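Counting starts at 1 for both ligands and their atoms, following the listed order. In this chain, residues are counted from 1 in sequence order. Model, not experiment: these values are computed from the prediction.
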Amino acid sequence: MIHQARPFRLSIPFTGGAPSAYDEYSQRRLSDMRDYYHDSAAADALIDANDPLIYEVWSILTPELAGELPFGVTRLLPGTVGGEYFMTKGHYHQVLETGEVYLGLAGEGRIVTETPEGDTDVQALTPGTMLYIPPRWAHRTVNVGAGDLWFAWVYPGNAGHDYVTIVRDGFRLRLMDKNGTPGIMTTR
Ligand code: M6P
Ligand code: ZN
């Protein structure tokens, strides 16, 4: 584990790229998240064709304690599934009352968020953007550009990830490629 109870540093390329050190690397291919997309038939066709890589995550892990701040970098590739942009799974935090900060590094992205009460929001994530996700807001990153989307993130060590709610209900808002321009589809 890179993390230690002493100050440490690492480098993250500001134009996107893997951090110089990390504890965990993970990939999500389309087959890992078929049911997250609106058009399952389109997802199945792409899975059968080449099961494309959707995103990669480099994490610097910490003890899962409130005072700790796990952080890392994500690369989200460009593409669409049945017209819906490549995206992360999206999640609530297990500890609902915990937030998250994103820093846009490269590419053109959107952060789709919503609360259990039904508030929804979409924010642009672009190079040099810092974005605050307040406690209670589920969040999903979407690549609406032609190239890779790179961003850094940090959240409280005790936050945890609740994917169950999103698998069950999905996000209220979905981002679709409407003739080269992002359009919002409201699902409920
Ligand atoms: C960001 C952070 C991570 C998260 C990752 C992938 O990088 O929020 O905590 O794991 O996105 O998103 P998801 O977990 O929703 O697939
Ligand atoms: Zn999160």
Opening angle at the Zn ion (ligand 2) [OE1, Glu100; NE2, His139; to 10 degrees]: 90°

Full working for side-chain contact (heavy atoms from CB on, under 4.5 Å) between Leu105 and Ile12: CA-CA 9 Å; Leu105 296 171; Ile12 55 168; 4.3 Å; yes

Region of Tyr102 that comes within reach of ligand 1 [heavy atoms, distance under 4.0 Å]: side chain

Location of contacts on His161 toward ligand 1, heavy atoms closer than 4.0 Å: side chain

Salt bridge (charged side-chain N to carboxylate O under 4.0 Å, His left out) evaluation trace for Glu114 with Arg188: CA-CA 12 Å; Glu114 66 179 57; Arg188 56 188 166 89; 3.6 Å; yes

Nearest-contact summary for atom 14 (O) of ligand 1 - protein heavy atom, Å: Tyr163 OH, 2.5 Å

Atom 8 (O) of ligand 1: the protein heavy-atom neighbour that sits closest, reported with distance to 0.1 Å: Glu100 OE2, 2.6 Å

Shortest protein heavy-atom distance from atom 7 (O) of ligand 1, along with the residue and atom involved: Thr74 OG1, 2.5 Å

side-chain contact (heavy atoms from CB on, under 4.5 Å) between Tyr155 and Val101, intermediate numbers included: CA-CA 7 Å; Tyr155 59 84; Val101 173; over 6 Å; no

Minimum-distance protein heavy atom relative to atom 12 (O) of ligand 1: Thr88 CB, 3.6 Å

His91 atom NE2 and His93 atom NE2 as seen from the Zn ion (ligand 2), angle to 10 degrees: 110°

Least distance between heavy atoms, Gly145 atom then Pro78 atom: O-CB, 3.6 Å

Shortest protein heavy-atom distance from atom 6 (C) of ligand 1, along with the residue and atom involved: Tyr55 CE1, 3.7 Å

Any N or O of Phe151 closer than 3.5 Å to N or O of ligand 1: no

Whether Trp58 and Tyr25 hold their rings parallel, tilted or perpendicular, with breakpoints at 30° and 60°: tilted

Contact atoms of ligand 1, heavy-atom distance to Gly90 under 4.0 Å: 15 (O)

Option from Thr141, Thr129, Val154 for which side-chain contact (heavy atoms from CB on, under 4.5 Å) with Tyr102 holds: Thr141

Test log, rule side-chain hydrogen bond (donor to acceptor under 3.5 Å, both in side chains), inputs Asp51 and Ser31: CA-CA 6 Å; Asp51 193 13; Ser31 54; 2.5 Å; yes

Residue part near ligand 1, for Arg28, under 4.0 Å between non-hydrogen atoms: neither

NZ/NE/NH1/NH2 to OD/OE distance under 4.0 Å, Glu117 and Arg136: yes

